[in-house]
Amino acid sequence: MSEKIYSLVVIGYGGMGSQHVRMLEKVDRIKVTGMYDTKQARLDEAASQGFKTYDSLESVLTDATVDIMLIATPNDNHHDIAVRGMQAGKHIICEKPAMLNSGEIEDVMQVSEKTGKLFMVHQNRRWDEDYLAVKKLMDENTLGEVFYLETRVHGSRGIPGDWRHEASRGGGMVLDWGVHLLDRLLLLFPEPVTSVYAKLSYILGHQVDDGMKAYITFESGKTALVEVGTTNFIPLPLWYVTGRYGSAAIQDWSMNGQVATLDRVDDHKDAEPIVAGAGLTKTMAPRTKKEDTITINPVPRVESDVREFYYNFIDSIEQTSQPIVKNEEVLRVMKLMEAIFESHKLGQAVQLNL
């Protein structure tokens, strides 16, 4: 018996909708058959590419040949489309952030359970090589126990000039990029979050945040800084990770960076003082090659293929595998983002057991 080919319709044929189509060309279990968008120019483009176009969401919902709906619309539409889609018998792939709040996610989870239709969020940044390199270092204990981590993205072009400026539509950097960084952080530190202190920036004068800094503390005492900026003309490293016996820094998406590890774990030899500015210091004296106490290596390279997401989606429909992005994980990230907004509003740390 041949394997079923699933018919998929894209809802929202913009930047991410188009990206999904390009990726799905190389996935043999899913066939993109149609498009729906509220903008006629996008429908015309889809028709010119040979796709079936729909004149309304309702016409997609009532098309019995459609197995999967992929939601790539502005964020405020995700909940309604997902609920209606599952109730109409469709499985759902949804762009991030899944919803605007945790209540909406819980609602969608209940509809998924009631209808038996799969709902899965496209957290594609789990396949970024920089994240996978950090995960490898931590999984292999290369740095010893990691107790502090910085994860960030910096740009200098502000917020894209569309609905992402509007609070009611789910704009802003916490929901745009913060959702990715927090999702990955919670996978790297799989333990309860006990507190978060956050400051958002509104430098550009929009309704929504154009940057964020969140200091997160975990149950074990490990801490992390999560940072997004859109007015940074000299970006800081994507990652800075430090453990008991080493540190790693990844500067950019080209994987420039280095890993420094201590050669002799029991080396507590006192340093020679150095002249630093207007004084002397031993505490901050750098390790040198002459001392031969550390080894510097390049950042490890890790191959990945984001198409794994789509294949896992099909396996999850057919119940031969568990979803690679679990809705419980998505809900936890949303609750952490809500705590970030609350911390900024209150001007103080928010205590959690998340």
Side-chain angles (χ1 to χ4, degrees), residues 123-156 177-178 180-191 213-218 220-229 232-277 281-309 324:
Q123 286 288 357
N124 59 314
R125 295 290 175 179
R126 293 187 183 189
W127 283 265
D128 280 358
E129 189 179 13
D130 56 288
Y131 160 69
L132 293 174
V134 171
K135 184 177 185 301
K136 178 179 174 67
L137 291 171
M138 293 178 65
D139 288 346
E140 297 179 355
N141 201 37
T142 303
L143 310 176
E145 183 180 13
V146 170
F147 56 84
Y148 177 71
L149 181 154
E150 296 178 6
T151 175
R152 64 171 58 82
V153 284
H154 276 169
S156 61
W177 264 102
H180 284 306
L181 304 189
L182 295 167
D183 174 67
R184 301 186 308 191
L185 174 66
L186 296 185
L187 295 176
L188 293 173
F189 286 163
E191 59 178 279
K213 288 185 180 180
Y215 298 88
I216 297 171
T217 303
F218 293 86
S220 65
K222 297 174 182 177
T223 55
L225 167 63
V226 180
E227 183 178 4
V228 181
N232 298 87
F233 297 90
I234 301 176
L236 292 174
L238 292 178
W239 296 89
Y240 177 77
V241 185
T242 191
R244 178 65 183 85
Y245 305 123
S247 300
I250 302 177
Q251 300 296 328
D252 50 41
W253 285 305
S254 296
M255 299 299 290
N256 294 307
Q258 60 183 11
V259 180
T261 53
L262 193 63
D263 287 338
R264 296 189 296 277
V265 178
D266 60 347
D267 177 24
H268 299 293
K269 185 174 63 177
D270 210 1
E272 293 294 328
I274 64 164
V275 176
T281 180
K282 288 195 294 184
T283 305
M284 298 304 166
R287 294 177 179 269
T288 65
K289 290 183 178 180
K290 183 178 179 180
E291 291 178 303
D292 193 29
T293 60
I294 60 170
T295 297
I296 304 293
N297 285 309
V299 176
R301 304 302 299 260
V302 182
E303 292 186 4
S304 68
D305 187 343
V306 74
R307 290 177 298 175
E308 180 186 359
F309 173 89
I324 200 166

Let me have the donor-acceptor pairs involving side chains of residues 248-255, under 3.5 Å, with sequence neighbours excluded, atom names and distances please.
unit_1: Asp252; atom_1: OD1; unit_2: Ser254; atom_2: N; d: 3.0
unit_1: Asp252; atom_1: OD1; unit_2: Met255; atom_2: N; d: 3.3
unit_1: Asp252; atom_1: OD1; unit_2: Asn256; atom_2: N; d: 3.2
unit_1: Asp252; atom_1: OD1; unit_2: Asn256; atom_2: ND2; d: 3.2
unit_1: Asp252; atom_1: OD2; unit_2: Asn256; atom_2: ND2; d: 3.0

Under the side-chain contact (heavy atoms from CB on, under 4.5 Å) test, residues paired with [X] that sit two or more places apart:
X      : answer
Ser304 : Trp127, Leu132
Ala285 : Ala271, Ile274
Ile234 : none

- request: Say whether, by atom type as modelled, one donor and one acceptor occur between the side chain of Glu191 and the main chain of Ser220 under 3.5 angstrom.
  value: yes

Just so I know, are the side chains of [X] and [Y] near enough to count as touching, which here means a heavy-atom distance under 4.5 Å?
X      : Y      : value
Glu129 : Arg301 : yes
Arg152 : Val228 : no
Val302 : Tyr131 : no
Ile294 : Thr261 : no
Leu186 : Leu188 : no

task: Identify, with sequence neighbours excluded, every residue that meets ring pair (Phe, Tyr, Trp, His ring centres under 6.0 Å) alongside His154.
output: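 For His154 there are no ring pair (Phe, Tyr, Trp, His ring centres under 6.0 Å) partners, ignoring immediate neighbours.
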
query: Which residues satisfy the ring pair (Phe, Tyr, Trp, His ring centres under 6.0 Å) test with Phe218, sequence neighbours excluded?
result: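 Partners of Phe218 under the ring pair (Phe, Tyr, Trp, His ring centres under 6.0 Å) test: Phe189.
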
Criterion side-chain contact (heavy atoms from CB on, under 4.5 Å) on Val226 and Lys213, from CA distance to verdict: CA-CA 6 Å; Val226 180; Lys213 288 185 180 180; over 6 Å; no

In chain order, what residues pass the side-chain hydrogen bond (donor to acceptor under 3.5 Å, both in side chains) check against [X], with sequence neighbours excluded?
X      : value
Thr242 : Ser247
Glu303 : none
Lys222 : none
Trp239 : Asp130

- prompt: Roughly how far apart are Leu182 CG and Gln123 CD, rounded to 0.5 Å?
  reply: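 One gets 10.0 Å once the value is rounded to the nearest 0.5 Å.
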
field: Non-hydrogen atoms of Val299 and Gln258 that approach each other most closely
entry: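 Taking Val299 first and Gln258 second, the nearest heavy atoms are CG2-N, 3.5 Å.
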
statement: Heavy-atom closest pair (Ala133 atom, Pro300 atom, distance to 0.1 Å) is CB-O, 3.4 Å

Show me, pair by pair, the donor-acceptor contacts under 3.5 angstrom made by side chains of residues 139-148, not counting sequence neighbours?
unit_1: Asp139; atom_1: OD2; unit_2: Lys135; atom_2: NZ; d: 2.8
unit_1: Glu140; atom_1: OE2; unit_2: Lys136; atom_2: NZ; d: 2.7
unit_1: Tyr148; atom_1: OH; unit_2: Glu150; atom_2: OE2; d: 2.8

query: Taking Leu149 as the fixed residue, which of Leu185, Thr223, Ile216 is the one that meets the side-chain contact (heavy atoms from CB on, under 4.5 Å) rule?
result: Leu185

message: Is it the case that the side chains of Asp263 and Thr293 hold a donor-acceptor pair, with the cut-off being a distance below 3.5 Å and no angle test?
response: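 No - no donor-acceptor pair under 3.5 Å links their side chains.
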
- prompt: With sequence neighbours left out, what residues match Asp183 under salt bridge (charged side-chain N to carboxylate O under 4.0 Å, His left out)?
  reply: Arg126

